[in-house]
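Every heavy atom of this structure was used, including side-chain atoms; hydrogens, water molecules and symmetry mates were not.
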Amino acid sequence: MESSLVKENPLLLPFDVEKTIYDGFVTVQERDFRLRILLPPDRQLKKAKLHCSWHLRHLLRGSEHIVKQRLQQSTNLESFLLELKTILEVVLKGRSECSSIPPPQYYSQLISEMETLGWNKLLFIDTHFKTLRLTAQDSAGRQHALTVKLKSKHPAEAPECSADLPLPLALTWTQQSTLEHLYSQFLLVLESLTEFWEILDEIDLNTWVLEPEKPSRSDTMRRIAIGSNASIRVEVDPRHPKMLPECCLLGAEHIVTPLRNKLNSNMHLWNPDSSVLFNLRDVLEIEFPSPATHEKSDFSVECGICYSYRLEDAIPDQVCNDPRCGQPFHQACLYEWLRALPSSRQSFNVVFGECPYCSKL
């Protein structure tokens with residue numbers, strides 16, 4: 001090991017007689033990085049420890065798991081050093097591409113644009129002065145943020161823009177454009193979505209929303225509780241928020257079937273001048289449970305198999321059809337349970353079997 005190691009990397013040498021400590025430098029792109037490798041008495045790399053200089057440790061930040069994996073899986077110290085060099089080369093190449101310093105006029109241009117836009121609109125700017133987060137408020141007082149990633153050739157090159165919106169953010173840019181132009185376009189986009197957010201805010205305020213747990217401004221779906229074992233999932237179109245949304249009723253069949261019949265028979269009553277929540281009440285002929293009338297715990301019933309409410313991001317959406325049972329289950333839990341039963345049967349992608357709770361089909 002020693003001869004090949006010294007031949008391949010003459011700056012990293014054994015530091016003790018037992019050859020369990022190697023100390024020195026690893027050279028990448030004509031740059032030297034100090035490191036020390038501590039081997040156990042049996043010299044097995046699986047239990048080796050790597051000590052780096054602060055500079056090397058900074059470069060490897062975010063790649064520690066890869067380095068650790070290669071250290072444990074390499075057959076010898078020489079092969080590990082070669083892989084470490086490869087990792088460093090990739091990191092250094094990425095750093096050199098990302099850290100190109102813009103010319104002085106870039107900074108003067110940025111400061112001038114921010115003074116015109118207003119420093120009070122700046123939420124965040126990174127240490128490279130390339131990523132900005134701007135705050136904006138729509139006409140209803142909702143707070144939003146626009147993230148702008150400037151290019152080194154700004155303003156000759158269009159920046160990358162992103163925001164928490166239900167539609168792709170498409171802003172126009174020319175070489176004469178400024179941050180103020182971007183911001184003005186963003187405000188127009190926010191105003192175009194005001195009605196959409198009003199629709200969802202009304203649902204969030206007056207019903208118990210089961211999913212998503214913490215809605216963002218980009219979410220277009222709401223799963224609304226109807227009862228302890230029934231809910232409706234609605235998908236609102238951001239472009240036409242008051243039109244009939246895509247609806248899916250979930251829960252026990254003896255509850256869902258009458259509601260589904262009402263939805264189909266009363267669909268013609270949908271009024272595009274009214275809100276989605278008002279129309280759903282009218283079409284389904286129900287009153288939704290709300291924070292004013294019910295506790296959310298009335299609908300957060302645990303899965304009858306795993307005994308938890310949330311399984312990763314999923315909540316129970318399968319319910320026993322027996323009115324005397326009505327126990328909910330996660331779809332994944334129920335599927336695995338039924339697949340394991342010799343008495344269950346499968347037709348295409350649907351598995352039929354006994355309820356784990358009451359043993360009814």
Side-chain angles (χ1 to χ4, degrees), residues 25-36 50-71 83-138 142-165 168-187 189-190 214 216-218:
F25 298 87
V26 59
T27 304
V28 180
Q29 294 184 3
E30 299 182 353
R31 297 173 63 180
D32 296 332
F33 300 98
R34 183 72 180 271
L35 76 159
R36 172 176 287 194
L50 178 65
H51 294 266
C52 307
S53 65
W54 71 268
H55 192 190
L56 181 56
R57 189 164 57 249
H58 178 73
L59 284 175
L60 293 176
R61 188 172 298 165
S63 305
E64 294 93 343
H65 64 291
I66 301 176
V67 175
K68 184 178 180 180
Q69 180 189 62
R70 300 321 308 151
L71 184 62
E83 295 202 49
L84 180 62
K85 284 185 175 184
T86 302
I87 295 170
L88 281 170
E89 285 172 357
V90 172
V91 171
L92 288 171
K93 183 179 179 182
R95 292 288 176 94
S96 62
E97 291 175 350
C98 296
S99 61
S100 54
I101 301 175
Q105 56 266 32
Y106 167 91
Y107 299 98
S108 58
Q109 173 79 19
L110 176 58
I111 291 172
S112 174
E113 290 184 31
M114 279 307 308
E115 286 177 346
T116 303
L117 178 62
W119 290 101
N120 61 317
K121 296 182 175 65
L122 182 65
L123 280 175
F124 165 84
I125 186 167
D126 69 345
T127 55
H128 299 290
F129 292 87
K130 288 189 175 182
T131 301
L132 296 82
R133 193 170 297 119
L134 306 174
T135 181
Q137 182 174 290
D138 62 27
R142 302 181 192 89
Q143 296 297 322
H144 305 269
L146 173 65
T147 300
V148 182
K149 294 185 177 181
L150 302 174
K151 302 298 178 64
S152 298
K153 296 180 180 179
H154 176 81
E157 198 173 357
E160 296 177 11
C161 299
S162 60
D164 189 20
L165 302 174
L169 180 60
L171 304 178
T172 59
W173 182 268
T174 67
Q175 291 191 13
Q176 288 72 42
S177 296
T178 64
L179 291 175
E180 187 179 26
H181 295 141
L182 277 184
Y183 193 82
S184 299
Q185 292 180 65
F186 183 57
L187 290 178
V189 172
L190 295 182
K214 295 179 180 179
S216 68
R217 291 299 177 192
S218 60

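Contact detail for F186 and A136: the closest heavy-atom pair is CE2-CB, 3.8 Å.
Going from atom CG of D32 over to atom CG of L56 covers 11.5 Å, rounded to the nearest 0.5 Å. For the atom pair CD of E115 and CG of L110, the computed distance is 10.0 Å after rounding to the nearest 0.5 Å. A distance of 5.5 Å separates CG in L171 from CG in L182, rounded to the nearest 0.5 Å.
The backbone N or O of L146 sits nowhere less than 3.5 Å from a side-chain atom of Y183 that would complete a donor-acceptor pair. A donor-acceptor pair is defined here as one N or O able to donate and one able to accept, closer than 3.5 Å; such a pair exists between the side chain of D164 and the backbone of R217. A distance-only check finds a donor-acceptor pair linking the side chain of S108 to the backbone of Q105 [under 3.5 Å]. Remark: the backbone N or O of T178 is paired with a side-chain donor or acceptor of H181 at under 3.5 angstrom. Looking only at distances, a side-chain donor or acceptor of Q185 sits under 3.5 Å from a matching main-chain atom of T172. Checked by atom type and distance alone, the side chain of W173 pairs as donor or acceptor with a backbone atom of P155 at under 3.5 Å.
The side-chain contact (heavy atoms from CB on, under 4.5 Å) test applied to I66 returns R70, I87, not counting sequence neighbours. Residues meeting the salt bridge (Lys or Arg N to Asp or Glu O under 4.0 Å) test with E113, sequence neighbours left out: none. Taking the side chain to side chain donor-acceptor pair (under 3.5 Å) definition, one finds that E160 meets it with nothing, sequence neighbours left out. Contacts of D126 classified as side-chain contact (heavy atoms from CB on, under 4.5 Å), with partners at least two apart in sequence or in another chain: F124, H128, K130, T131. By the side-chain contact (heavy atoms from CB on, under 4.5 Å) test, Q137 pairs with Q143, sequence neighbours left out. Evaluation of the salt bridge (Lys or Arg N to Asp or Glu O under 4.0 Å) rule for R34 yields D23 as partners, not counting sequence neighbours.
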Check against side-chain contact (heavy atoms from CB on, under 4.5 Å), D138 and H144: CA-CA 8 Å; D138 62 27; H144 305 269; 2.9 Å; yes
side-chain contact (heavy atoms from CB on, under 4.5 Å) between L179 and L150, intermediate numbers included: CA-CA 10 Å; L179 291 175; L150 302 174; 4.2 Å; yes
Steps toward side-chain contact (heavy atoms from CB on, under 4.5 Å) verdict (L132, M114): CA-CA 10 Å; L132 296 82; M114 279 307 308; 3.9 Å; yes
Test side-chain contact (heavy atoms from CB on, under 4.5 Å) applied to L117 and L122, step by step: CA-CA 9 Å; L117 178 62; L122 182 65; over 6 Å; no
